Amino acid sequence: MTSNVPEAGAPTAVPVAPDGEWLRVHPASPFVRGWVALAAIGFFFGRDFFERLLQGRPLFEEDFAGRAPWLVAGGGIVLVVTVLGFILTWYFTKYQVAEGYVRVNSGFLFRQQRQARLDRVQAIDIVQPLLARIFGLAELKFEVADAGESAVKLAYLRMDDARQLRATILARAAGVVPDPSRPQGAAPEAPEYPVLSVPPSRLIGSLLLSEQSFFVVVGGIAAVILSAVTDNRSFFFYLIPAVLGLAASYWGFFNKGYNFTAAISPDGIRLRYGLLDTQAQTLPPGRVQALKVAQSPLWRMFGWYRIQVNVAGYGAVGSNGETASRTTLLPVGKLPDVMSMLALVLPDPGTPEPGRTFAAGLTGLDSDGGFVTTPHRGRFLAPLGWRRNGFATTDTALLIRSGRWWRELVVVPHQRTQSMALHQGPLARRFRVADLVLHTTAGPVSPRLTQAGLDEARGLFDAQSARARLARKRQTSEQWLATVAPAPVAEPAPVIEPVEPASPVVGPAETRPPQEGPQRG
Amino acid sequence: MRTEAIDPPGITWQRVSPKYVTVRLVQWAIGNLVTVVVLSLPLVLVLLGWWRWPPLWLAITVPAVTLVLAIWRLLLIPRQVRAIGYAERDDDLLIRGGIFFQRTMTVPYGRMQYVDIGVGPVERGLGLCTLKLHTASPGTNATIPGLPAAEGARLREQLAARGEARLAGL
C-alpha cells in the first residue's frame, strides 16, 4: 500500500470522475464485515453434521429423519435471509463526492442520508483489518470535528479506490479547483516524503521498559516472595488470567505499533502502522489541536519519547485501544525524531531558536530556553517539579512543561486555543500561585500549567487571549492549498518558508506550494 | 477572610440576580437534607432498640458531622452567588466564580459553537435562567446561572451575533 510515486506538480493538476456520480462500496464488503455471522450460522448447523461424519455414525438417526428436512429448510432460510440482508445493505449504500460535500446514503428499512463538508475534514484514515487485507480491501474513515463516531465510514473499497478517494477528498478539501478541461482525470495522490520510522527493536524495547512491565516485575517478585513465605503455591493458578491479559495487551501494542512510519505530503502528515491490521492516517495541516511529548523515567536512559496529539475527529481515549493508537503521533522515538515530528506539526515554530526552546522544554530546568517556572515561594507545593513546571511562548504556540521524573511537554498552537481558565485553591492562594487550564478538544492531552506565579499567570491569561485572537484572524481559510489571497504578501504576517526546528530530516519545505504557510486551516 | 482575586484587574463584573440564592437553597435542601435524614435512620433504629449495630456514638457522629458540613455549605451559598460574575469584552466573555476555589474563564466569541438556555422549575418561578456556552472542547464548562430571563435572552442574542461576526474554524 505504499507505492506513492512523487508526481511532478501533483496537487495542482486535478480530480476526478464526473461530479455527483453515486458509487457503491465493494460487493464483497458485507461478507468481509459479516463473516462472523456467516461463520456462526455455518458452525451452528454444520457442527453436528461433521461430528457424526467424523465419528462414522449414521448422518441422521432413524427417528430424526422426519424432522431433518425442516431443520435443513430452517437453516437455509436463515442463511438466505442473512445473505439477502447483506446484498440489500450493499445495494442501498451509496456515496458521492461533489460540490464540497461527501454524501453517504445507507440503510433500506431505516434510510440514512449523511453529508459532511469536505473543508471540515479533520483526518482521513484508511484501515485494513486482516481479513479485508487478504482480499485487498480497505475501509475509509472521514473524520469531522465531532468527537464521536466517524462522520463517514466506507467499508470496504478496493485499496486503490480507497487511496484514490482519499486523494480526491483531500484535493477538494485543500481547495484545489477541479480542472474542467480534464474532467476524467483522477486526482493524483499528493507526493509524500518519508520522515521517520520506528524500528521493531526499539518498539519491543519500549514495551519492555513500559510502566506495565515495571508492575509485572514487581508483581512477579511479590508473588515469589509470598509463595516462599506462605508455602502456598496454589495462588499462582489465579495469576494465569492476569498473564493472559498482559500478553494480549503487549500483543495489542506490538500489533498496533509495528512498522510505524511517518511521512509528510502537501496534504498533511501521513502515519502508517500495524502488523496484521494496518492503518494509514492522514492529518491535514493544522488539524492538531494540542500535542504532548512524554518521557517516563525508564525511557530516559535510552532518550526515548512518546508523542500524543488531540485531533478533533478522533475523540477521547476511551477503553478501546483504537483511539489510543490513532492519537499517537510517535509511539517511541529519540530526540531527533521528536524534533522532526514537532517540525511537521508546527512548521513555523515562531522562535528564532526552535531547537534550544524545545530541547529546554523536554529536558531543561529553570529559565533556560525562555521558560518561566514556579516562583521560589511556591517550591513547597511541588518540591521536585517546581523548577520544571513552567511555560514559554513563541509566536505560534504555547509550550507548557512539567514533571521532573515523568517529563512532559505540551504544545498548543495559539490558533487552536478554545477557551482558558485560571484556577486557584486556598493553598495556592497562600503561596500566591495559580493554575492556567487551556481547553482543547477531547483527546489524550489536557494542557494545564500548574502553579505559575499569580502575576505571571494573570499576564499569560491576558496575553494568551490576545495571541489566540490574532492567530484566529490570521487564519483565513479551512482550505489549506486554496489561493485565497492573490499573493502571500497580502497576509498580515506571511510565513512563507516553513522553518524546521533542528531539522536532521525532511526536505519537503521547498517542494511544497509556497502559499501553504500562512493560511493553514 | 479578604482574598485577592485572581481575575485580571480593571474589569467591571456583571453580577447574577440575588434571587439565585433561592435556587441554590432549594438545591441545597434537596441534596443535603435527604442525605442527613437517610444517615440519621440508623440512629433512630438504634435508639428504638431494633438494631444492635452500629454503636450509639457512631450513629450520632455520622449524621452530626454531615449536618455541620451541610450548614457550613448553606452559610457559604450567599457569598458564592455574589462571587459569580461575567463580563462581555470586545472579543471574549469572561466568567468568574468561587471563593475558596476561584475560577476565571475566558471564552472567545469566535470559538462558541452554540449557546444553551436552561430553565428549571424553581428558576421558572423566580423568572431566572441558566446560560451555557459550548465550544469544541468538552473542558469548557462555561455556565452563567441565575440570570434574569430578559438578560439571558439578551445575552444569548448578543453572543450569537458576536460569535457569527468572529466565527473561526476549529
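Reckoned from all heavy atoms, side chains included, excluding hydrogens, waters and symmetry mates. Only a predicted model underlies this, so the values are computations on that prediction, with no experimental measurement involved. Below, chains carry the letters A, B, ... as their sequence lines are ordered, and counting in each starts from 1.
- Annotation: B/Gln158, atom CD; neighbour count of heavy atoms from other residues, nucleotides and ligands within 6.0 Å is above 12.
- Distance check: A/Gln418 CD to B/Gln113 CD gives 7.0 Å after rounding to the nearest 0.5 Å.
- Counting only residues at least two apart or in different chains, side chain to side chain donor-acceptor pair (under 3.5 Å) contacts with residues 65-78 of chain B comprise B/Asn32-B/Arg73.
- The structure places CE of A/Met420 at 10.5 Å from CE of B/Met105, a figure rounded to the nearest 0.5 Å.
- For chain B, no part of A/Ser446 is nearby; none of its heavy atoms comes within less than 4.5 Å.
- Distance check, rounded to the nearest 0.5 Å: CZ of B/Arg111 to OG1 of A/Thr417 gives 7.0 Å.
- Counting non-hydrogen atoms of neighbouring residues, nucleotides and ligands closer than 6.0 angstrom, the CZ atom of A/Arg430 reaches no more than 12 such neighbours.
- Note on B/Leu93, B/Val107, B/Asp91: by heavy-atom pairs under 4.5 Å with chain A, the leading option is B/Asp91.
- Residue B/Arg96 does not touch chain A at all, counting heavy-atom pairs closer than 4.5 Å.
- When all heavy atoms of B/Phe100 and A/Arg429 are compared, the pair lying nearest together is O-NH2, 2.7 Å.
- B/Thr140 and A/Ser419 share a donor-acceptor pair across their side chains, judged by distance under 3.5 Å alone.
- Of the atoms belonging to B/Leu94, it is side-chain heavy atoms, and not backbone ones, that fall under 4.5 Å from chain A.
- Interatomic distance, B/Arg89 CZ to A/Arg469 CZ, rounded to the nearest 0.5 Å: 7.5 Å.
- Here the shortest heavy-atom pairing between A/Ser465 and B/Thr106 reads OG-CG2, 4.1 Å.
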